[in-house]
A.B. asks: 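Once you've had a glance at the structure underneath, I'll fire off some questions.
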Amino acid sequence: MYTLFLRDDAEPLKLEADGRTLLEHLAERDRGRLREVVAARKGEAAVDLRTVPVDDEEFSLIEKTSPEGLEILRHSAAHVMAEAVKALFPEVKVTIGPAIKDGFYYDFDSDKPFTPEDLKAIEKQMKSLVKKGRRFVRREVSREEALALFRELGEDYKLELINELPEDETISLYESGDFVDLCRGPHLPDTSYLKGVFKLLSVAGAYWRGSEKNRMLQRVYGTAFADKEALQQHLHLLEEAKKRDHRKLGRELDLFSIQDEAGAGFVIWHPKGALLRTLLEDFERRQHLKRGYQIVMGPQMLKADLWKRSGHFENYRENMYFTRIRENEGDAEGQVYGIKPMNCLAHMLIYNSKLRSYRDLPLRYFELGTVHRHEPSGVLHGLLRVRCFTQDDAHILCTPEQLQDEITAILEFVADVMKMFGFSYHMELSTRPEEKSIGSDADWERATDALVKALEVNGLAYEINAGDGAFYGPKIDVKLMDALGREWQCATIQCDFTLPERFDLSYIGADGEKHRPVMLHRVILGSIERFIGILIEHYAGAFPLWLAPEQVRILTVTEAHNEYGARVEEALRDADIRVTADLRNEKLGKKIREAQLEKIPYMLVIGDQEVAAETVAPRLREAGRTIEPMPVDEFAALVKDEVKKELQT
RNA sequence: GCCCACGUAGCUCAGUGGUGGAGCACUUCCUUGGUAAGGAAGAGGUCAUCGGUUCAAUCCCGAUCGUGGGCUCCA
C-alpha cells in the first residue's frame, strides 16, 4: 500500500502498489483532475506522474497552475523546443533550457544564427510535436552510459554538464520520440498538455554560461502558461507594457531626446522634461535639508592624481573619461584630468578642508552630482542606462559608534520616499568582489557587519548578492520593479572604511586623540535619469499633480473667450500653478483630445457661461470627469490642496 | 564590448536596381464650433554616414555611427 493525497484538504487515499503508475491511479480515482495535475511530490522532490509507486511511499499532487507546476510546464516546453530545433537543424548542439520567470528559454550552439523565420518554423514544428502528444520517458543511467550516449550524439555541452555533476547525483535522461535530453525532470506526462498554451517570443545571442569568454549561443525565448486565457493575458500585458515604455512616452510627451549627433547615452532634456526633473530635484533638496543633510557642490573634473589616490584610476578607469589640458603651447605634457564618475572626492576634500571634532559628526554632505561613466554600448537603454546622469548622492562621515543609526535613518528615508511614489522594492546585500577591490579583510568584515545589523535591527528582509560590492566596500541595494517586470537598482547604501584611510580623514575625539571617521556613500533615487524613466512607466506618463510639468490647461470654446482665458491663465500663474492656455482657433473637442493625450491633470473649459459668471469649468484627466464650475481662486486652492496631500510622506 | 535585427518626412510606417509614397503633425485660408480629431490648399526627404559593385544604388556588398532584443535565472 502507498499513500496518495489527492487534495491538500482531503483525507489521503491508501492505494495498492500494483505496478501501475500514479497517472493510471489518478485516472481511475479522479478523472476530472487528470489534466489539472502535471507532476507529483514525493517528500521534497518533484517526480513524474509516470512514476510507479512502491509500498509505504507518500505522494501529493502538483497542479499546473501552482508555481512549481508552471515551472514543470515551461521546462517541458523548453524540452519540446529543443526537440523541434534538432528536427529542423540536426547539426545544432543543445545546451541548457530552463524555466524562467514568465517563461523559458533554450540555448543552442548553431553556426548559423536563427532568423525570425526560423523562429516561426520552430514554433510550427513544436505545435506538430505537441499535437502528437508524445510521452516523456524517463530513464536513469550510469555516468558512463550517459557520457557514452552524448559522446555518440556529439552533444559536447551535455558532456561538460555531466562531468560537473556531483559523484552521487542520479543521472536521468528524458526521451520523447528520437530526442534524448539530459534532464533532472520531472516533465509533463506527455506533450499534449502544451496544446495552445505556449508561444515563442524572441531570439537573442547569449554566452555559454553567461561569460563573454565563451562561445556565443543562440537563445530562443518563449513563454507558456497553464491555460490559453493565462497565456493571452500575459501576451496582452506585454503589449500594455510596450505602450508605457518610457522611450515612447518620452517622445510623445516631449520630455527628452537622445540624439546620434550628441552621442549615445547622453540625454537631452526638453522643456517639459527639464521642468519635471527640476520639480523632482527640488523635492529632494527639501527632503535632504529636512533630514539634516547639507547641500554641497563639486567640480565636474578633478586632477587624475586625485583619482589615483582614491583607487578609481586603478579600479574604475575603463569606465572613466579623461581629458588632457595644456596651459600653453610649450606645455607638451599638460595636465590630465578625470571627469567624475562619482561624487565622493570633492566631499572628502570638503571634510578635509579643516580640522574636525567628534562634536561635528555626523556630517551629511548632499549633492545632486552629475557624473559620466563610459558604459558598454550594448547596455545603453533609454533613460535607464545612460553615460551621463545625475545622482542624488550623499556621503555621511561619522564615528564608528554612529554608523548603525545613520544606516537606519537612510533605510527609513528610502522607505518614506518609495512609499510616496507607491513603489514596491526589495533589498540585496552585496559583499566583497573577488577581483578589483581595496582595503583589508577586517575592514570589509566590519563594514558588512554594520549593514547586516542595520537590516536586521529594522527587521528588513534581504537577499545576499555575493561578490557584487563596490570596489571600496559592501553595499545594500534597493531594487525597484518597472512596468515590464524588470528590476532596476535605485537606492544604494555603501559602507566605506577605505577612502577615509586613503584620504587620511580624521576627527579629534573626546579623548583629544585623532580618529578615523567612517564614510557612508548613499543615493535614494539613484540616478535621476533612471528614476524618471521608471516614473514615466510607473505612471504611464500621467504624472501626479505635484510632478506634472503642466498642471492645468485652459481651453477656450471660441476666440471670443480668449481675453478672459488669458486673464485666468495669469491669475493661476500668479498663484504658482503651472498653466498654459490653448487659445488656438480650434474646436473644443480637438483641444480636449490633445490635452488628454498630453496627460494634463486639469483642463479648464471657458465659454460664454464661464465668462459671464467669472468661473472656470474643470475637466479631470481621469476618465474625462468634469466638476461643477467654480471661481478661479477656488480652483487654485483646490490644486494647492491636492499637491499638498500628494507630498505628505 | 559580443550576437542578431533594424535605420525612408517632425512622428508611425509602406516601397523599388532607372520618377521616392501614405496617415498624423506643420503652414496658409475658410469655419466661431460646449467636453477625445471641422474643411480645403500648401510646404516638407543627401532614403543614417562613408566607401565599393553597376551604364545606373535608397535598394546589392563592406565599414562606421546609432537604435532595438539579449548576453545572472544553470541537465
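Just so we're on the same page: letters track the sequence lines, and every chain starts at 1.
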A.B. asks: Does B/A22 pair with anything, Watson-Crick or G-U wobble, both distances under 3.5 Å, and if so, with which nucleotide?
C.D. replies: B/U12
A.B. asks: Expressed in whole Å, how much space separates the P atoms belonging to B/C11 and B/C60?
C.D. replies: 23 Å
A.B. asks: For nucleotides B/A57 and B/G51, find the distance between their C1' atoms and express it as a whole number of Å.
C.D. replies: 13 Å
A.B. asks: What distance, rounded to whole Å, do you find between the two C1' atoms, one in B/G21 and one in B/G44?
C.D. replies: 13 Å
A.B. asks: Mind checking if A/Lys591 touches a base, just sugar-phosphate, or nothing, with heavy atoms under 4.0 Å?
C.D. replies: nothing
A.B. asks: If you check the A/Tyr207 side chain, which of B/G34, B/C71, B/U67 turns out closest?
C.D. replies: B/C71
A.B. asks: Going by the angle between their ring planes, with limits at 30° and 60°, are A/Tyr106 and A/Phe108 parallel, tilted or perpendicular?
C.D. replies: parallel
A.B. asks: Among A/Glu586, A/Glu563, A/Lys591, which residue meets the side chain to side chain donor-acceptor pair (under 3.5 Å) test with A/Thr556?
C.D. replies: A/Lys591
A.B. asks: Between B/G38, B/G34, B/C74, which nucleotide has the shortest distance from any of its atoms to the side chain of A/Glu610?
C.D. replies: B/G34
A.B. asks: Using a heavy-atom cut-off of 4.0 Å across all strands, would you classify A/Gly589 as base, sugar-phosphate, or nothing?
C.D. replies: sugar-phosphate
A.B. asks: Among B/G69, B/G34, B/G38, find the nucleotide with the atom closest to the side chain of A/Lys590.
C.D. replies: B/G38
A.B. asks: Go through B/C71, B/U35, B/A36 for me and flag the one nearest to the A/Ala206 side chain.
C.D. replies: B/C71
A.B. asks: How do A/Glu169 and A/Ala204 order along RNA chain B: which one's closest nucleotide is nearer the 5' end?
C.D. replies: A/Ala204
A.B. asks: Looking at the side chain of A/Val605, which of B/G1, B/G34, B/A36 is the nearest nucleotide?
C.D. replies: B/G34
A.B. asks: Looking for any heavy atom pair under 4.0 Å, which part of the strands does A/Tyr157 touch: base, sugar-phosphate only, or nothing?
C.D. replies: nothing
A.B. asks: Can you tell whether the side chains of A/Lys120 and A/Glu123 come within less than 4.0 Å, N to carboxylate O?
C.D. replies: no
A.B. asks: Where the side chain of A/Gln609 is concerned, which of B/G34, B/G7, B/A36 is the nearest nucleotide?
C.D. replies: B/G34
A.B. asks: In terms of side-chain heavy atoms of A/Arg247, which of B/C74, B/G69, B/C3 is nearest?
C.D. replies: B/G69
A.B. asks: Using the rule ring pair (Phe, Tyr, Trp, His ring centres under 6.0 Å), only one of A/Tyr193, A/Phe198, A/Phe179, A/Phe104 pairs with A/His79; which is it?
C.D. replies: A/Phe179
A.B. asks: Using Watson-Crick or G-U wobble geometry with both distances below 3.5 Å, tell me the partner of B/A37, or none.
C.D. replies: none
A.B. asks: Between the main-chain N or O of A/Asn214 and the side-chain N or O of A/Arg209, is there a donor-acceptor pair closer than 3.5 Å?
C.D. replies: no
A.B. asks: Could you tell me how far B/U72 sits from B/C65 if I compare only their P atoms? Round to whole Å.
C.D. replies: 24 Å
A.B. asks: Watson-Crick or G-U wobble partner for B/C65, using a 3.5 Å limit on both distances?
C.D. replies: B/G7
A.B. asks: Base, sugar-phosphate, or nothing: which does A/Gly624 touch, judged by heavy atoms less than 4.0 Å apart?
C.D. replies: nothing
A.B. asks: Write down the distance separating the C1' atoms in B/U67 and B/G33, rounded off to the nearest Å.
C.D. replies: 43 Å
A.B. asks: Looking at the side chain of A/Ala264, which of B/G66, B/C71, B/U35 is the nearest nucleotide?
C.D. replies: B/G66
A.B. asks: Between A/Thr626 and B/U35, is there a contact of a side-chain N or O with OP1 or OP2 at under 4.0 Å?
C.D. replies: no
A.B. asks: Heavy atoms only, 4.0 Å cut-off, all strands: where does A/Gly263 land among base, sugar-phosphate and nothing?
C.D. replies: nothing
A.B. asks: Contact class for A/Leu597 (heavy atom, under 4.0 Å): base, sugar-phosphate, or nothing?
C.D. replies: base
A.B. asks: Would you say A/Tyr221 places a side-chain N or O within less than 4.0 Å of OP1 or OP2 belonging to B/C71?
C.D. replies: yes
A.B. asks: Can you tell which of B/C73, B/C71, B/G38 lies closest to the side chain of A/Tyr105?
C.D. replies: B/C73
A.B. asks: What interatomic distance, in whole Å, is found between C1' of B/U19 and the corresponding atom of B/G7?
C.D. replies: 24 Å
A.B. asks: If you measure from the C1' atom in B/A9 to the same atom in B/A48, how many Å do you get, rounded?
C.D. replies: 14 Å
A.B. asks: Could you tell me whether A/Leu165 contacts a base, only the sugar-phosphate backbone, or nothing, with contacts defined as non-hydrogen atoms closer than 4.0 Å?
C.D. replies: base
A.B. asks: With a 4.0 Å cut-off on N to O distance, would you call A/Asp477 and A/Lys475 a salt bridge?
C.D. replies: yes
A.B. asks: Can you tell me, in whole Å, how much space there is between the P of B/C59 and that of B/U49?
C.D. replies: 10 Å
A.B. asks: Name the residue closer to the 5' end of RNA chain B, choosing between A/Gly265 and A/Phe114 according to the nucleotide with the nearest heavy atom.
C.D. replies: A/Phe114
A.B. asks: Tell me whether A/Asp245 is salt-bridged to A/Arg247, with the criterion being a basic N under 4.0 Å from an acidic carboxylate O.
C.D. replies: yes
A.B. asks: What does B/C2 pair with, Watson-Crick or G-U, if both distances are under 3.5 Å?
C.D. replies: B/G70
A.B. asks: Can you tell me which nucleotide in B/C71, B/A36, B/G33 comes closest to the side chain of A/Arg219?
C.D. replies: B/C71
A.B. asks: What is the pairing partner of B/C60, taking Watson-Crick or G-U wobble pairs with both distances under 3.5 Å in any strand?
C.D. replies: B/G52
